[in-house]
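Reviewing the structure listed below.
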Amino acid sequence: MTLQFLKELQNELEREITFQGDSAIYYSYYKDMLKAPSFERGVYELTHNNKTVSLKTINAVQQMSLYPELIASVLYQATGSNEIIEPVYFYIGIVFGLQGIYVTALFVTSWLMSGTWLAGMLTVAWFIINRVDTTRIEYSIPLRENWALPYFACQVAALTGYLKSNLNTYGERFCYLLMSASTYTFMMMWEYSHYLLFLQAISLFLLDSFSLEQSDKVHEVYKIYIFSLFLGYLLQFENSALLVSPLLSLVVALMLAKCLQVKKGTFIAKIMKVINFYLVCTLTVTLNIIMKMFVPHKEHGHMLKFLEVKFGLNMTKNFTMNWLLCQESLQAPSRAFFLRLTQSSVLPFYTLVLIICFFSMLQVIFRRINGKSLKETVTLEDGRIGERPEIIYHVIHTILLGSLAMVIEGLKYLWTPYVCMLAAFGVCSPELWMTLFKWLRLRTVHPVLLALILSMAVPTIIGLSLWKEFFPRLMTELTELQEFYDPDTVELMTWIKRQAPVAAVFAGSPQLMGAIKLCTGWMVTSLPLYNDDDLLKRNENIYQIYSKRSAEDIYKILTSYKTNYLIVEDAICNEVGTTRGCRVKDLLDIANGHVVCEEGDKLTYSKYGRFCHEVKINYSPYVNYFTRVYWNRSYFVYKINTVISFQS
């Protein structure tokens with residue numbers, strides 16, 4: 001019985017170390033909720049958490065957006081799943097279930113826009129084939145975006161249906177309710193959701209500015225934004241970030257500007273359109289500044305500094321800024337990204353569809369400027385796909401998302417799914433082909449007949465080619481069972497649970513600290529989270545163990561956080577794989593002034609060796625401050641001496 005129990009613990013530990021970095025933190029709080037005597041007690045402990053980071057009490061629910069973990073823990077216990085399935089599989093199952101909803105929402109959106117289920121099937125095929133660029137579910141399951149983006153996809157699907165001109169009353173009401181629920185849920189799941197909704201609001205504002213007969217509907221969506229923001233503010237412990245968000249400032253400015261609108265069709269109305277655009281932009285900036293002056297909030301200064309350095313507006317030697325700039329997800333997209341999208345044929349077709357829809361939209365705008373009224377019902381023979389409000393919204397939205405993805409590769413996960421959806425809609429839409437034929441003035445073949453044929457033939461050919469090329473690869477990947485095996489980390493966690501005191505505090509790289517919090521429950525000095533200035537400062541200070549600093553300096557830093565044990569990772573200390581200048585030790589040397597950073601800087605030598613190397617040699621003064629208590633091939637654990645004995 002004892003051997004069986006120990007084996008189960010070992011298996012659980014091996015599963016848990018697959019959660020890396022911030023994913024480990026999220027899942028650890030899910031475990032804490034399941035261990036709590038009651039739901040209320042569990043929530044209280046998370047909102048007044050002083051057992052994670054030393055010398056720091058945090059509201060983990062608010063700071064880390066732990067609402068998915070709260071919901072998952074309630075569902076696990078309420079459904080009696082604890083007698084059927086292990087917590088980790090239940091948690092993973094929910095996230096993968098949401099991914100199914102995500103793909104379904106994209107399927108429905110493409111179907112609504114094209115009028116055929118074939119577009120939905122092609123959307124799903126492209127999404128799965130390009131899953132490396134459409135979702136991060138394979139790499140990091142508990143990420144907030146994996147919980148949130150499915151709800152955003154549902155909101156976009158509902159908005160697409162809501163903007164359609166030929167929607168009946170019941171359909172419109174259903175879309176409105178679904179949009180309201182998914183907007184609020186999306187906002188609760190992800191702390192950065194209001195920025196994505198801000199881009200959506202800009203798209204709707206531009207749609208409204210073009211006077212595409214959907215002004216009333218657009219302003220109903222604005223009301224949903226306001227309702228979701230204030231409800232989120234109240235239920236997220238008065239989250240001031242929502243009050244100072246650009247989304248709220250923009251929506252309020254749009255509502256105020258509506259009062260100055262003049263009757264359509266007059267010359268004054270055209271002038272007022274220009275004034276209205278300028279007024280909205282000015283009001284948005286002014287309101288945002290005023291809100292930040294009067295609403296107490298945490299200013300994420302590191303985000304602004306990062307953007308300044310990213311766009312070349314400033315230079316810095318700061319470790320945190322340079323470390324963020326070196327992250328692959330925060331750099332510009334690589335050639336491999338565009339090559340993958342091209343090989344799957346989604347990028348060429350997306351480009352074609354976007355160009356046709358964009359120029360058709362411009363035609364509509366110029367026709368409107370010249371005083372020509374739009375037709376109430378656009379037929380296939382008209383070849384004017386740019387007159388459909390839902391199409392214009394998606395064109396503007398995908399351009400905005402694509403512009404961001406071209407700057408920061410990590411944002412491709414917001415853009416690429418809609419690339420798949422828009423490309424599939426376009427090739428399956430007879431209206432799009434008809435628009436193209438109208439421009440080409442095709443006369444040899446009946447354009448309507450040819451458009452109908454192409455809208456079925458092209459996606460069929462694409463589907464068959466994708467099946468032939470990618471289906472065997474997918475089957476091969478499914479049959480290959482890949483196992484994550486890291487015996488050194490398992491040994492380290494086992495030693496901590498068996499040998500370290502329960503009240504011990506560990507210091508090391510933030511990524512490792514996340515794993516220690518999950519696998520052992522012991523307190524740590526830092527976390528792999530980058531939305532808190534204090535945690536960022538802690539991370540930089542703890543990383544000094546890989547710099548050229550004295551033993552006394554490192555000792556003072558560690559004891560200031562009440563650290564009992566220090567873990568040195570050989571992979572970081574002897575890092576050689578990444579580009580020179582982006583290794584942790586290189587960034588620390590730059591920040592500490594130990595190497596040349598820019599022209600004109602003087603080379604300064606540190607009189608101390610690199611701490612992570614020197615502490616392993618076991619000579620004075622390092623042995624006076626640190627005692628090695630455990631080591632394996634990857635990790636060296638040192639106990640921080642409380643009583644310092646100086647040896648010769």
Carboxylate-amine/guanidinium contact D533 K537, below 4.0 Å
no

Does the ring center of Y630 lie less than 6.0 Å from the ring center of Y638?
no

Those residues at least two apart in sequence (or on a different chain) that pass salt bridge (Lys or Arg N to Asp or Glu O under 4.0 Å) with R628 are none

If you measure from the Lys or Arg side-chain nitrogens to the Asp or Glu carboxylate oxygens, is any gap between D534 and K56 under 4.0 Å?
yes

Is it the case that the ring center of W147 lies less than 6.0 angstrom away from the ring center of Y102?
no

Charged N-O contact under 4.0 Å between D553 and K548
no

Can a side-chain donor-acceptor contact be found between S634 and E569 if the only test is distance below 3.5 angstrom?
no

Would you say W495 has more than 12 foreign heavy atoms packed within less than 6.0 Å of its CH2?
yes

Answer whether the closest heavy-atom distance between the side chains of Y625 and V615 falls below 4.5 Å.
no

Using the side-chain contact (heavy atoms from CB on, under 4.5 Å) rule, take Y546 and R583 through it: C-alpha gap first, then chi angles, then the decisive distance, then the call.
CA-CA 10 Å; Y546 301 105; R583 298 177 298 182; over 6 Å; no

With a 4.5 Å cut-off on side-chain heavy atoms, are M33 and F39 touching?
yes

Start with the C-alpha distance between D486 and I17, add both sets of side-chain angles, then the distance that settles side-chain contact (heavy atoms from CB on, under 4.5 Å), and finish with yes or no.
CA-CA 8 Å; D486 188 357; I17 63 171; 4.0 Å; yes

Can you confirm whether more than 12 heavy atoms, excluding those of K639, are under 6.0 Å from its NZ atom?
yes

Of Y543, F636, F626, which is the lone residue that meets ring pair (Phe, Tyr, Trp, His ring centres under 6.0 Å) with F611?
F626

Ring center gap for H194 and F198 short of 6.0 angstrom:
no

If the test is ring pair (Phe, Tyr, Trp, His ring centres under 6.0 Å), which one of Y139, Y30, Y29, Y27 qualifies with F19?
Y27

Taking the side chain as C-beta and beyond, is there a heavy-atom pair between N624 and N641 under 4.5 Å?
no

Would you indicate whether F230, at its atom CZ, is surrounded by more than 12 heavy atoms from other residues, nucleotides or ligands within a distance under 6.0 Å?
no

Going by heavy atoms in the side chains, are L98 and I101 under 4.5 Å from each other?
yes

Salt-bridge test for R610 and E614: reply yes if a basic N is under 4.0 Å from a carboxylate O, no otherwise.
no

Got a sec, which residues hit side chain to side chain donor-acceptor pair (under 3.5 Å) with N49, two or more places apart in sequence or on another chain?
T52

Minimum side-chain heavy-atom gap L178-Q155 below 4.5 Å:
no

Would E191 and R144 pass as an ion pair if we require N to O under 4.0 Å?
no

Report the C-alpha separation of K517 and D32 in whole Å, then their side-chain angles, then the decisive distance to 0.1 Å, and conclude whether the salt bridge (Lys or Arg N to Asp or Glu O under 4.0 Å) test is met.
CA-CA 11 Å; K517 171 65 178 71; D32 291 344; 3.3 Å; yes

